[in-house]
**Student:** 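Before anything else, here's the structure in question.
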2 protein chains.
Amino acid sequence: MEKSINNVLSVNVSEATEVYGEQKKILVAVDCIVFGFDGKELKLLLFKRKVEPLKGAWSLIGAFIKEDMNLEESAEKILFESTGLDQVYLQELKTFSNVNRDSGGRVISVAFYSLIQLKKSKTDKLPHYEARWFSLNKIPDLILDHQQMVEEAIKELRKKGNQPIGFNLLPEKFTLPQIQVLYESIYQKEFDNRNFRKKLLSLGILIKTDKKDKSSSKKGAYLYEFNKEKIEKMAVEKYDFGL
Amino acid sequence: MEKSINNVLSVNVSEATEVYGEQKKILVAVDCIVFGFDGKELKLLLFKRKVEPLKGAWSLIGAFIKEDMNLEESAEKILFESTGLDQVYLQELKTFSNVNRDSGGRVISVAFYSLIQLKKSKTDKLPHYEARWFSLNKIPDLILDHQQMVEEAIKELRKKGNQPIGFNLLPEKFTLPQIQVLYESIYQKEFDNRNFRKKLLSLGILIKTDKKDKSSSKKGAYLYEFNKEKIEKMAVEKYDFGL
DNA sequence: ACAAAAGTGTTTGATCTACACCCATGG
DNA sequence: CCATGGGTGTAGATCAAACACTTTTGT
């Protein structure tokens, strides 16, 4: 191995176009793990493959990246094209690069996860493309390493508890019971409602409105909004929201 | 944009080789942010470019990935070849993909960071390759987006405080003052030594030996080891080490 | 009037922070 | 014997967890 040191260094260190020319290029894709919350449950958006091989199998949505776009732009584009949504929250998860991960050839895929509000989304288009929302505990078998991508995304989502995720998964106005259900859905466990409210309100990022949502109880629950300015400011000051 | 939906879906959904064939391939590289701890300070390993363009500028070590290796393997290889080290801790950071990030052509780079013990490393080789260790607050200008990679790596390192990082940066046996200096070096602030020790010891992952290290005081400080089995077990059980 | 969901406080233990002195040793 | 770095404990504040009843209102 010793002998290859110079070899590697010359490759690394020189960036003249002719040197790059000697290198092997590779297909690069993005795959999107799209989570949606419908007010009751966290769901995952999957698409049915329409072509061989693996036709009919469930899969994440993805695409190869083009020469004139970076990864984030590519992910935004494909999300927009597949769901009609733009301005969605998108985060890089990790890169999947095993040599034989894709039976169709050598493809490196960068996984992104995304959080959207299920109601707000005009997801009318979706059925047309054989897409469906799945409960997290009823995810079907997925192609390639997509299962692993989903698992890692869920793990990441749970780790991110200390950021106001709800922001992306909830509508403008929402009730405290709703946000609690969301967190219970993410962590797959129940929280004590008194402690949950106390902690949430103590963060000082919620604004109580005087309206009530009576869609799920006779008494009705107060609607809250996120205090966006405050969240921005806290993010800049590197606050940790411990939820 | 509406019109391209079918286009994208067909690209995504079909993975037959002939379809992949239509896609543009791209150069993919790995760049390694190598941190080392010498017992006093956290340092960053940088390499001097030997060729044009940007000859003489400081840079992270990196290489294009080959067809027969995944990213992790590529990163391990280049680290081994440039530092002589194997079995080092390596973590994917994120992917840098801006279209014009590299003046030599379209290159997507996946950044990895790595933690090593500076003493243990036979870094004798390094000077030969015009490599140098830099204090974190004396990092020179770097090529391309390498500066940004380093910044993100440091941020990540700080976030990872809740994992026993020291494991990778410290020698087999180390003293409590040493590990405190390490953390102070990572977070660039001082900790109260009573509180620091209390917390560290309360994790139950350290084994006190009856030996002392007198290299930095007359009294000498007890040497400790990590309890590797316990750390393994805790990692499996998804423990959080809050440091 | 009752079922169903919303809302509310207190106590207990755990953890975090701030803080100052004695110890062991080599020179 | 003294300078240097290593080692130790406690009190007050803050935070997390456990726990049960009252309120509202549509039917």
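Small disclaimer: the values here were computed from a predicted structure and weren't measured. Every chain is numbered from 1 and lettered A, B, ... according to where its sequence line falls, protein lines coming before strand lines. The basis for the numbers below is simple: all heavy atoms, side chains too, and nothing from hydrogens, waters or symmetry mates.
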**Student:** Find which nucleotide of DNA chain D each of A:Lys212 and B:Tyr222 is nearest to by heavy atoms, and output the residue with the more 5' nucleotide.
**Tutor:**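 The answer here is B:Tyr222.
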**Student:** Can you tell me the distance, in whole Å, between the CZ atom of B:Phe174 and the C1' atom of D:dG6?
**Tutor:**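 Checked: the CZ to C1' distance equals 16 Å.
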**Student:** So A:Thr175, base contact, sugar-phosphate only, or nothing? Heavy-atom distance under 4.0 Å.
**Tutor:**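 Nothing, no heavy atom under 4.0 Å.
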**Student:** Could you tell me whether the phosphate oxygens of D:dA18, OP1 or OP2, come under 4.0 Å of any side-chain nitrogen or oxygen in A:Arg194?
**Tutor:**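 Answer no for this pair, as no side-chain N or O of A:Arg194 is under 4.0 Å from OP1 or OP2.
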**Student:** Any side-chain N or O of A:Lys219 below 4.0 angstrom from OP1/OP2 of C:dG7?
**Tutor:**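 So the side chain of A:Lys219 is outside the cut-off, no N or O lying under 4.0 Å from OP1 or OP2 of C:dG7.
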**Student:** Give the rounded distance in Å between these two atoms: NZ of B:Lys218 and C1' of D:dC2.
**Tutor:**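 Value for this atom pair: 8 Å.
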**Student:** Return yes if a side-chain donor-acceptor contact under 3.5 Å exists between A:Glu41 and A:Ser185, otherwise no.
**Tutor:**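 Their side chains do not contain a donor-acceptor pair, so the 3.5 Å distance test is not met.
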**Student:** Check every strand shown and say whether B:Lys198 touches a base, only sugar-phosphate, or nothing at a heavy-atom separation below 4.0 Å.
**Tutor:**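 Base: the residue B:Lys198, judged by heavy atoms under 4.0 Å, touches a nucleobase.
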**Student:** For A:Asn195 and A:Ala221, take the nucleotide of DNA chain C holding the closest heavy atom to each; which residue's nucleotide lies nearer the 5' end?
**Tutor:**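 It is A:Ala221, whose closest nucleotide lies nearer the 5' terminus.
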**Student:** Counting only N and O atoms by type, is there a donor-acceptor contact under 3.5 Å from the side chain of A:His146 to the main-chain atoms of A:Ser59?
**Tutor:**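 Here the side-chain-to-backbone pair does not exist.
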**Student:** Determine, using ring centers only, whether B:Tyr89 and B:Phe167 are less than 6.0 Å apart.
**Tutor:**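 Ring-ring flag for B:Phe167/B:Tyr89: false, centres at least 6.0 Å apart.
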**Student:** Is the number of heavy atoms from other residues, nucleotides or ligands within 6.0 Å of CZ (B:Phe191) greater than 12?
**Tutor:**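 More than 12 heavy atoms, drawn from other residues, nucleotides or ligands, come within 6.0 Å of this atom.
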**Student:** How do A:Ser217 and A:Asp192 order along DNA chain C: which one's closest nucleotide is nearer the 5' end?
**Tutor:**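 Nearer the 5' end of the strand: A:Ser217.
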